[in-house]
Visitor: 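If you scroll down you'll find the structure; I have some questions about it.
Remember, predicted model here, so these are calculated numbers, not experimental data.
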Amino acid sequence: MSKVLVTGGSGFVGSHVILQLLAAGHEVRTTVRSLSREAEVRATLAAAGADAGDRLSFFAADLEKDDGWAEAVAGCDYVHHVASPFPPAQPRDEQELIRPAREGTLRVLRAARDAGVKQIVVTSSFAAVGYGHGQRDTPYTEADWTDPDGPAVQPYMKSKTLAERAAWDFIAREGNGMELAVVNPVGIFGPALNGDLSTSIFLVKTMIEGKMPGTPGSIWA
């Protein structure tokens with residue numbers, strides 16, 4: 001089986017990706033900003049039925065730092081780049097989202113290329129595709145991009161747009177044959193493996209609890 005690196009293994013999407021890879025028999029590596037989170041992540045995966053054992057290993061790496069990425073990806077066949085900031089509230093400075101999203105993606109791509117990775121799959125977002133255009137009634141295609149300077153384009157949308165565009169530009173200029181695949185989901189829902197909810201699920205929870213301004217009364221309230 002293959003050896004696969006998953007960035008952001010402590011997050012909602014990352015933990016689900018790890019579960020699927022382990023179930024398929026792969027050897028998995030994952031990055032966390034601090035190795036102090038390893039026990040927590042292992043406990044979450046075990047509670048979800050994963051028998052990780054020595055098929056799962058952890059590496060400390062931060063999207064805003066160079067340290068650790070070469071070691072994390074060394075010997076891997078594939079990379080799932082999932083890690084990217086998506087807070088429930090707007091940041092004071094848009095660079096709090098843009099910098100780690102864009103520069104972090106480039107760090108992962110460089111490390112993967114240098115390690116001879118065959119393919120990297122980047123979790124982007126519909127936020128990189130569908131905003132800043134005004135109203136439209138035609139399907140979106142790979143030629144469509146969010147206009148970072150468009151009306152009502154928020155920092156998260158801008159961060160995902162700039163990060164994905166940087167990824168495709170990198171592959172075209174200096175990918176050295178490494179294959180890039182990108183997925184552009186909208187809201188990401190599913191069973192929460194622990195109390196660390198994805199922002200998409202957190203928004204639903206907020207609506208159900210009647211804590212979101214302007215939300216009609218809920219039948220679950």
Side-chain angles (χ1 to χ4, degrees), residues 3-23 26-115 117 120-125 155-156 159-160 163 166-167 188 190-202 205:
K3 182 181 292 185
V4 186
L5 173 68
V6 179
T7 68
S10 62
F12 177 81
V13 176
S15 57
H16 276 282
V17 173
I18 292 171
L19 279 175
Q20 294 295 316
L21 289 170
L22 290 171
H26 299 289
E27 181 180 341
V28 182
R29 294 180 171 194
T30 190
T31 61
V32 287
R33 280 180 291 179
S34 171
L35 291 178
S36 65
R37 302 212 54 190
E38 177 176 348
E40 171 194 342
V41 176
R42 285 189 179 276
T44 295
L45 296 171
D51 181 15
D54 59 5
R55 289 193 298 121
L56 176 63
S57 53
F58 288 75
F59 292 80
D62 189 307
L63 293 175
E64 297 193 70
K65 299 176 182 177
D66 292 333
D67 299 342
W69 290 108
E71 293 79 5
V73 78
C76 288
D77 303 295
Y78 303 98
V79 172
H80 282 273
H81 178 44
V82 179
S84 189
F86 185 16
Q90 295 297 328
R92 293 183 179 180
D93 179 358
E94 65 179 13
Q95 288 300 322
E96 292 178 25
L97 302 187
I98 293 172
R99 187 173 54 249
R102 183 182 184 279
E103 301 307 318
T105 295
L106 290 174
R107 281 187 173 90
V108 176
L109 284 164
R110 290 189 198 101
R113 177 205 58 197
D114 294 346
V117 165
I120 179 168
V121 179
V122 171
T123 302
S124 184
S125 171
Y156 175 72
S159 76
K160 299 304 285 187
I188 299 178
L193 302 179
N194 55 28
D196 187 7
L197 303 180
S198 71
T199 297
S200 297
I201 293 178
F202 176 79
K205 179 176 181 289

Visitor: Give every residue pair that meets the salt bridge (Lys or Arg N to Asp or Glu O under 4.0 Å) criterion with at least one member in residues 40-50, sequence neighbours excluded.
Guide: Arg37-Glu40, Glu38-Arg42
Visitor: Rounded to the nearest 0.5 Å, what separates atom SG in Cys76 from atom CD in Glu27?
Guide: 8.0 Å
Visitor: Quick one: list whatever passes salt bridge (Lys or Arg N to Asp or Glu O under 4.0 Å) with Glu96, sequence neighbours left out.
Guide: none
Visitor: What heavy-atom pair brings Val79 and Ala112 nearest, and what distance separates the two atoms?
Guide: CG2-CB, 4.2 Å
Visitor: Looking at residues at least two apart in the chain, or sitting in another chain, which of them share a ring-ring contact (aromatic ring centres under 6.0 Å, His included) with Tyr156?
Guide: Phe86
Visitor: Return the set of residues passing side-chain contact (heavy atoms from CB on, under 4.5 Å) with Asp114 (not counting sequence neighbours), or none when no residue passes.
Guide: none
Visitor: Show the atom names and distances, to 0.1 Å, of all donor-acceptor pairs under 3.5 Å that link a side chain in residues 50-59 to residues at least two apart or in another chain.
Guide:
from, atom 1, to, atom 2, distance (Å)
Arg55, NH1, Leu22, O, 3.2
Arg55, NH1, His26, O, 2.8
Arg55, NH2, Leu22, O, 3.3
Arg55, NH2, Asp51, O, 3.4

Visitor: Looking at residues at least two apart in the chain, or sitting in another chain, which of them share a ring-ring contact (aromatic ring centres under 6.0 Å, His included) with His16?
Guide: Phe12
Visitor: Under the salt bridge (Lys or Arg N to Asp or Glu O under 4.0 Å) test, which residues partner Asp66, sequence neighbours left out?
Guide: Arg107
Visitor: What distance do Leu97 atom CG and Lys160 atom NZ have between them, rounded to the nearest 0.5 Å?
Guide: 10.0 Å
Visitor: Specify the closest pair of heavy atoms between Ser84 and Ala101, including all atoms of both residues, with the distance to one decimal.
Guide: OG-CB, 3.6 Å
Visitor: For the pair Ser15 (side chain) and Ser10 (backbone), establish whether a donor and an acceptor sit closer than 3.5 Å, ignoring hydrogens and angles.
Guide: no
Visitor: Ignoring hydrogens, what is the shortest heavy-atom contact between Ala61 and Gly68? Give both atom names and the distance.
Guide: CB-C, 4.3 Å
Visitor: Could you work out, with side-chain contact (heavy atoms from CB on, under 4.5 Å) as the rule, every residue matching Gln20, not counting sequence neighbours?
Guide: none
Visitor: Testing Ile120, Val17, Leu5 for side-chain contact (heavy atoms from CB on, under 4.5 Å) with His80, which one passes?
Guide: Val17
Visitor: For Thr31 versus Gly8, what's the shortest heavy-atom pair and its separation?
Guide: OG1-N, 3.2 Å
Visitor: Return the set of residues passing side-chain contact (heavy atoms from CB on, under 4.5 Å) with Ala74 (not counting sequence neighbours), or none when no residue passes.
Guide: Arg29
Visitor: Mind checking side-chain hydrogen bond (donor to acceptor under 3.5 Å, both in side chains) for Thr7 and listing every partner two or more places apart, or none if nothing turns up?
Guide: His81
Visitor: If the condition is side-chain contact (heavy atoms from CB on, under 4.5 Å), which residues does Ala167 pass it with, not counting sequence neighbours?
Guide: Thr105, Leu109, Leu180
Visitor: Could you pull out the closest heavy-atom pair between Ala166 and Leu106, with the gap in Å?
Guide: O-CD2, 3.8 Å
Visitor: What do the steps show when you test Trp69 against Leu63 for side-chain contact (heavy atoms from CB on, under 4.5 Å), and what is the final call?
Guide: CA-CA 9 Å; Trp69 290 108; Leu63 293 175; 3.9 Å; yes
Visitor: Check Ala60 against Leu35 and note the closest heavy-atom contact, atom names and distance.
Guide: N-CD2, 3.7 Å
Visitor: Could you list the residues that satisfy side-chain hydrogen bond (donor to acceptor under 3.5 Å, both in side chains) with Gln90, not counting sequence neighbours?
Guide: Gln154
Visitor: May I ask you to test the Val4-Asp77 pair for a side-chain heavy-atom distance under 4.5 Å?
Guide: no
